[in-house]
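This report concerns only the one structure given below.
All values derive from a computational prediction rather than experimental measurement.
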Amino acid sequence: MQILEVAEGVILSRPDSFNMNQIITSGQCFRWDEIKTNVWKGVAFDTLLEIELLDDNSYLFKCTKETFYSLWYDYFDFERDYEQIKRSVSGDSFLEKAVVVGDGIRILRQDPFEMLITFIISQCSNIPKIKTNVNILCQKLGAYVEDKHGKDGYYLFPTPKALAENPELIASCGVGYRDKYIVNAARKVLTGELNLDHLRTVSREEAFDALISLYGVGRKVANCVLLFGLQHLDGFPIDLWIKKVLDKHYQGLFDTSRYNGYRGVIQQYMFYYGRTLGASYFE
DNA sequence: ATACAGGACTAAT
DNA sequence: ATTAGTCCTGTA
């Protein structure tokens with residue numbers, strides 16, 4: 001991948017395996033928006049970023065090269081070779097199509113606490129509603145960051161402390177019955193009973209067990225946290241869409257051993273393609 | 001209106 | 001091991 005430094009920021013020159021639209025509609029993140037055609041804005045950790053798709057299909061990251069390399073390079077998982085992953089599905093006709101349709105998907109390396117709370121909120125919900133809930137949560141309980149011009153500020157995702165200490169505010173964010181799950185999880189993280197940074201370093205099985213021990217966290221949510229927040233790339237969340245795909249194309253039995261080490265990436269291609277096919281396709 | 005949406009819990013088999 | 005009923009709430 002060719003990376004150029006220019007006055008306005010950093011340019012990814014006509015990148016393979018990078019498509020903002022695919023990435024932010026693949027259900028892994030909820031704080032990015034296309035604010036106008038081909039311009040996206042999002043917050044990750046404590047930083048705001050704008051990305052623009054230029055006429056020549058290059059992407060402009062509007063940040064310093066220092067910030068690009070210290071934060072966004074890791075966040076967008078640029079070190080990983082997605083071309084190689086896509087080639088590895090050769091011979092599987094469904095996945096061969098999936099990696100063409102979702103050729104620019106990447107697994108974002110997001111904040112584990114944000115993933116835990118966000119995917120607790122996601123249960124039995126839908127993307128627009130999840131985004132609304134998370135945005136309200138950030139506005140009510142997250143720190144406000146002024147940008148250097150005193151306008152266009154933004155809210156950070158709430159800290160464990162903020163969530164643990166304000167149960168009544170959480171209940172007013174429209175998260176419904178999930179409010180108690182959120183408060184409980186935040187308290188466990190705040191006290192150190194659940195150490196998310198530690199879970200990054202242990203086996204996927206051990207991290208999984210620690211996550212599902214939380215009240216209101218089951219297999220699906222735990223796998224999402226593993227995959228999107230803890231870099232356990234073998235997390236394989238099975239949700240509605242994955243179920244549909246597995247039932248229709250794999251007789252419900254999908255052998256993931258072929259993709260050991262990056263099964264979650266395969267899941268993401270599968271999920272994205274399944275959604276583009278639509279529910280009627282699976283009837 | 002009543003069912004449903006990117007689950008999980010609990011209490012029953 | 002599997003299954004039904006329940007949990008909030010916005011949307012259609």
Can you pull out the residues from residues 165-181 of chain A that lie within a 4.0 Å heavy-atom distance of DNA chain C? A/G174, A/G176, A/Y177, A/R178
Rounded distance in Å between the P positions of C/dG10 and B/dA1: 15 Å
Can you check whether A/H232 reaches A/F208 side chain to side chain, under 4.5 Å on heavy atoms? no
Of all the nucleotides listed (B/dC9, B/dA8, B/dG6), which has the minimum atom distance to the side chain of A/F119? B/dG6
Base-pairing mate for C/dT6 - Watson-Crick or G-U, with both contacts under 3.5 Å: B/dA8
I'd like to check A/L211 versus A/L199 (side-chain heavy atoms, cut-off strictly below 4.5 Å). Are they in contact? yes
A/Q123 CD to B/dA5 P, straight-line distance once rounded to whole Å: 15 Å
Could you give the distance separating B/dG6 and C/dT2 at their C1' atoms, to the nearest angstrom? 22 Å
Contacting residues from residues 226-243 of chain A, given that a heavy atom lies under 4.0 angstrom of DNA chain B: A/D239, A/L240
Taking A/S213 for its side chain and A/A210 for its backbone only, find out whether a donor-acceptor pair lies under 3.5 Å. yes
Charged N-O contact under 4.0 Å between A/D92 and A/R258: no
Check against side chain to side chain donor-acceptor pair (under 3.5 Å), A/R14 and A/S58: CA-CA 4 Å; A/R14 306 168 64 88; A/S58 294; 6.0 Å; no
Checking contacts here: which listed nucleotide (B/dA8, B/dT10, B/dA5) is nearest the side-chain heavy atoms of A/V221? B/dA8
5'-most contact on DNA chain B: A/S125 or A/I212, nearest heavy atom basis? A/S125
Check: protein-nucleotides 2-6 of chain C nitrogen or oxygen pairs below 3.5 Å:
none

Begin with the C-alpha distance, continue with both residues' side-chain angles, and end with the deciding distance and a verdict on side chain to side chain contact (heavy atoms under 4.5 Å, CB included) for A/I11 and A/Y59. CA-CA 6 Å; A/I11 286 181; A/Y59 281 93; over 6 Å; no
Any chance you could measure A/F228, atom CZ, to A/S26, atom OG, to the nearest 0.5 Å? 6.5 Å
What is the separation between atom CD1 on A/I182 and atom C1' on B/dG7, rounded to the nearest whole Å? 14 Å
Quick one, A/Q267 and A/Y262 - any side-chain contact, counting heavy atoms below 4.5 Å? no
Figure out the CG/C1' separation between A/N223 and B/dG6, and round it to whole Å. 13 Å
Can you tell if the side chain of A/M20 reaches within under 4.5 Å of the side chain of A/F76, non-hydrogen atoms only? yes
Passing candidate, side-chain contact (heavy atoms from CB on, under 4.5 Å) with A/V225, options A/L214, A/T118, A/L116: A/L116
May I ask you to say whether A/K62 pairs ionically with A/E8, meaning some side-chain N is under 4.0 Å from a carboxylate O? no
A/Y215 near the nucleic acid: base, sugar-phosphate alone, or nothing, with a heavy-atom cut-off under 4.0 Å? sugar-phosphate
